[in-house]
Asks: 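Just passing along the structure, written as structure tokens.
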2 protein chains.
Amino acid sequence: MTDRTTLADVAAAAGVSVSTASLAFSGAGPISAATKERVLAAATELGYAGPSALGRSLRSGRSGIVGVVIGDQLRRSFRDPVSVRVLDGLAGSLGPRGLGVLLVPATGDEDDENDPLVATAPLDAAVLLFGARRSSPILGALQHRGIPVVLGEGPTGLGLPVVGVADRQGTRLLAEHLRDLGHERIAVVTLPLGGARRCAPVDPTRLAEIDCPPAEHRLDGLRDAGIEPVAVVEAAASLVEAGTDAGRVLLDVADPPTAVMTQSDLLAAGVIIAARELGLRVPEDVSVAGFDGLDLPWLAPDVLTSVSQPFAAKGQAVAEMVTAILAGEQPADVELPVELRLGTTTGPPPAA
Amino acid sequence: MTDRTTLADVAAAAGVSVSTASLAFSGAGPISAATKERVLAAATELGYAGPSALGRSLRSGRSGIVGVVIGDQLRRSFRDPVSVRVLDGLAGSLGPRGLGVLLVPATGDEDDENDPLVATAPLDAAVLLFGARRSSPILGALQHRGIPVVLGEGPTGLGLPVVGVADRQGTRLLAEHLRDLGHERIAVVTLPLGGARRCAPVDPTRLAEIDCPPAEHRLDGLRDAGIEPVAVVEAAASLVEAGTDAGRVLLDVADPPTAVMTQSDLLAAGVIIAARELGLRVPEDVSVAGFDGLDLPWLAPDVLTSVSQPFAAKGQAVAEMVTAILAGEQPADVELPVELRLGTTTGPPPAA
DNA sequence: CTGAAAGCGCTAACAT
DNA sequence: ATGTTAGCGCTTTCAG
């Protein structure tokens with residue numbers, strides 16, 4: 001294959017100037033139907049597939065690419081149905097606006113600052129969907145490059161626009177529901193709180209270190225409902241297995257809680273599995289509730305009691321924010337509403 | 001924010017020429033430590049974050065971006081753990097080579113030819129990971145733009161390099177396993193065969209329309225083992241729910257098969273759920289096997305009998321192929337090995 | 001070791 | 001309606 005054919009070649013072949021040829025493609029400007037046709041014909045002839053993105057980019061200063069930074073491994077983000085749904089909404093809303101999504105895996109290393117992608121990819125904007133720690137080397141690198149950043153998660157006060165969901169209120173609603181059912185011994189399984197991943201009871205020291213806004217907000221919601229959990233365990237990840245681990249810790253004791261609230265649906269599913277392993281019926285012996293509102297078909301015939309968050313809307317909100325920023329506006333933070341979803345996994349506590 | 005600082009600004013501030021400044025950043029070329037330092041200092045001073053990707057791209061003719069086309073909705077691809085794992089492997093291998101992954105959702109419409117992303121994104125190469133139909137409008141558009149394409153799935157003979165897995169052999173191994181266990185009435189649940197999505201028995205007419213290489217190869221493998229399935233049902237998607245639907249069709253009959261082979265693990269999980277619903281024990285009453293070799297923690301304590309395919313290796317192989325092509329080579333097709341994984345969901349057929 | 005100059009492919013004023 | 005002329009920000013010969 002020889003060198004790519006360029007607009008100049010086409011122009012020459014059509015016997016017009018480059019700028020005229022340009023107009024034939026962009027359509028932005030006055031051009032006679034005849035010449036346009038001629039140029040297009042010449043293009044087809046030469047196998048020219050339209051203006052090069054690179055040239056256009058340089059000229060316009062825009063690449064049409066939005067970087068989406070996803071916590072450490074892609075694997076981990078993609079195993080989380082929540083990220084996937086939001087990402088889907090984001091890509092779906094960005095596409096029609098002519099913007100594409102570039103995956104930027106955050107290695108998690110300290111040298112993210114020098115990550116080749118973060119450092120050199122031609123990004124118009126970047127989105128930190130999840131796992132946006134308050135101080136991330138990536139964030140620093142992006143800001144240093146002058147790339148506008150939108151956060152898809154809670155840490156406000158960084159001067160960056162944020163799209164969040166009503167974590168706090170949702171948790172409060174759920175907690176009140178359990179309280180109204182008569183539960184007094186409620187345990188909690190949190191998302192990873194930041195730093196090293198582990199499955200362990202959370203003590204005040206650990207609580208002070210939290211660097212995971214959703215986890216924090218959801219704990220706050222609990223307090224809003226006036227509930228003091230009898231135990232709090234941090235999960236190693238938002239995965240079924242991690243939920244099972246946490247569930248064992250909470251339930252395999254002399255005097256187990258009558259209800260377990262988890263900070264994600266996958267964790268809740270894991271807790272349910274742990275409960276069954278231990279011979280506990282859900283919800284007769286122990287109620288289990290999640291957060292997210294996922295469809296978990298393999299839980300059938302059960303339906304998990306949970307707090308539904310609007311995935312697609314979140315992606316869309318982020319997309320709108322990005323568009324606004326690129327248009328030079330300064331969008332205000334958004335908080336999306338959640339909804340309590342009552343399923344079959346919560347009920348009154350055992351008479352005992 | 002004023003106009004971005006450019007290399008020229010930095011050069012001016014450092015009192016050197018642009019070309020020298022360029023050298024200070026690229027390191028490719030002779031430059032005195034002193035000048036280099038001076039330039040870098042000036043850069044920091046001005047808040048210059050290194051050469052702009054756009055300029056570099058135009059100059060080098062490379063954007064460092066690989067488009068990954070994912071079947072219709074992101075959602076669907078991302079709900080499929082297989083895609084996700086492969087994508088993870090791909091991104092992981094591409095990253096260190098300085099290449100990023102741009103998600104290109106195929107709308108599935110006929111006008112994909114004019115999809116803004118496909119048409120204008122600055123791609124160095126593209127990968128069709130899954131759902132590469134033999135004639136895709138996207139494929140045409142990409143080739144027309146002169147963008148090299150790598151296929152992550154079977155349709156050979158398009159003149160495009162392909163990374164495949166040993167679908168056929170894997171299925172044969174699995175089928176032989178079931179035959180050796182004594183099964184004679186084996187049913188099959190296939191992946192969507194292309195075209196409209198439906199859950200329905202597959203007749204010869206439909207068989208002739210297949211446009212889904214993995215499904216086709218896996219059916220071939222069955223034949224290689226000399227097995228004639230008693231029934232074949234096409235699933236509407238590779239999802240648990242779809243498997244449950246298909247399972248009901250196959251098992252809720254007077255004389256159900258003694259074993260069900262599905263073309264994906266999620267489908268197998270769905271069939272298991274359907275079986276349980278119908279009061280059939282697995283594997284005592286019916287054996288169920290999948291394909292993929294996923295971890296399905298919520299199936300615990302069962303382990304699905306399946307054919308493990310090497311996800312990460314596949315992504316890596318695709319990455320290598322892309323790299324080779326960008327280096328001007330013409331890589332040969334790759335077929336990755338699979339492995340039979342015996343779990344607890346298959347056993348001898350009921351005595352009957 | 002450093003500077004000057006010529007583009008990469010395209011678009012947008014401006015002039016014709 | 002079309003052509004001319006400058007660049008966008010950078011890299012890279014090629015001289016000095």
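Bear in mind that the values here come from a model prediction, so they are computed numbers and not experimental data.
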Asks: If I take atom CD1 from residue A/I147 and atom CG from residue A/L142, how far apart are they, to the nearest 0.5 angstrom?
Replies: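 Interatomic distance, A/I147 CD1 to A/L142 CG, rounded to 0.5 Å: 5.5 Å.
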
Asks: By nearest nucleotide on DNA chain C, pick out whichever of A/V18 and B/A34 is the more 5' one.
Replies: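 Closer to the 5' end of DNA chain C: B/A34.
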
Asks: Tell me which nucleotide among D/dG9, C/dA5, C/dC1 gets nearest to the side chain of B/S32.
Replies: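 Of the candidates, C/dC1 comes closest.
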
Asks: Return no unless some side-chain N or O of A/R56 is found under 4.0 Å from OP1 or OP2 of C/dT11.
Replies: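 Looking at the OP1 and OP2 atoms of C/dT11, one of them is under 4.0 Å from a side-chain N or O of A/R56.
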
Asks: Nearest-Å distance, NZ (A/K36) to C1' (D/dA1)?
Replies: 14 Å

Asks: May I have the distance from A/R59 (atom CZ) to C/dG7 (atom P), rounded to whole angstrom?
Replies: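 A/R59 atom CZ is separated from C/dG7 atom P by 19 Å.
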
Asks: How many angstroms lie between OG in B/S32 and CZ in B/R38, if you round to the nearest 0.5 Å?
Replies: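 Nearest 0.5 Å value for the OG-CZ distance: 7.5 Å.
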
Asks: Given C/dG9, C/dC8, C/dA5, which nucleotide is nearest the side-chain atoms of B/S19?
Replies: C/dA5

Asks: Can you say whether a donor on the side chain of B/S22 sits under 3.5 Å from an acceptor on the base of D/dT12, or the other way round?
Replies: no

Asks: It should be established whether B/S17 places a side-chain nitrogen or oxygen under 4.0 Å from OP1 or OP2 of nucleotide C/dG3.
Replies: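 It does, given that an N or O in the side chain of B/S17 lies less than 4.0 Å from OP1 or OP2 of C/dG3.
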
Asks: Starting from the 5' end of DNA chain D, give me the residue, A/A33 or B/A8, whose nearest nucleotide shows up first.
Replies: A/A33

Asks: Given side chains that start at C-beta, do those of A/V68 and A/L87 come closer than 4.5 Å, heavy atoms only?
Replies: yes

Asks: Tell me whether the OP1 or OP2 atom of C/dC10 has a side-chain N or O from A/Y48 closer than 4.0 Å.
Replies: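 Result: yes.
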
Asks: Mark yes or no for a side-chain to base donor-acceptor pair under 3.5 Å between A/T35 and D/dA1, with no hydrogen or angle criteria applied.
Replies: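 Checked by distance alone, the answer is no.
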
Asks: Just how far, in rounded Å, is P of D/dG9 from CZ of B/R62?
Replies: 24 Å

Asks: Look at the side chain of B/P51 and decide which nucleotide, out of D/dT11, C/dG9, C/dA13, has an atom nearest to it.
Replies: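 Among the listed nucleotides, the one closest to the side chain of B/P51 is D/dT11.
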
Asks: Looking at D/dT11, I'd like to know if its phosphate oxygens (OP1 or OP2) sit under 4.0 Å from a side-chain N or O belonging to B/S60.
Replies: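 For D/dT11, OP1/OP2 do not have a side-chain N/O of B/S60 under 4.0 Å.
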
Asks: Nearest-Å distance, CZ (A/F25) to P (C/dG9)?
Replies: 15 Å

Asks: Which nucleotide, D/dT2, C/dG3, C/dT11, lies nearest any side-chain atom of B/V16?
Replies: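 Closest nucleotide to the B/V16 side chain: C/dG3.
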
Asks: Could you tell me if A/S19 and A/S22 have a donor-acceptor pair between their side chains, going purely by distance under 3.5 Å?
Replies: no

Asks: Check every strand shown and say whether B/L58 touches a base, only sugar-phosphate, or nothing at a heavy-atom separation below 4.0 Å.
Replies: base

Asks: Can you tell me the distance, in whole Å, between the CG atom of B/L23 and the P atom of C/dC1?
Replies: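 Answer to the nearest Å: 11 Å.
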
Asks: B/L7 side chain: which of C/dG9, C/dA13, D/dT11 is closest?
Replies: D/dT11

Asks: In whole Å, I'd like the distance from the CD atom of B/E37 to the C1' atom of C/dT2.
Replies: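 Taking atom C1' of C/dT2 as the reference, CD of B/E37 is at 18 Å.
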
Asks: Of all the nucleotides listed (D/dG3, D/dG9, C/dG3), which has the minimum atom distance to the side chain of B/T20?
Replies: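 Among D/dG3, D/dG9, C/dG3, the one nearest the side chain of B/T20 is C/dG3.
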
Asks: Going by heavy atoms in the side chains, are B/V127 and B/V149 under 4.5 Å from each other?
Replies: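 Of all side-chain heavy-atom pairs linking B/V149 with B/V127, none is under 4.5 Å.
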
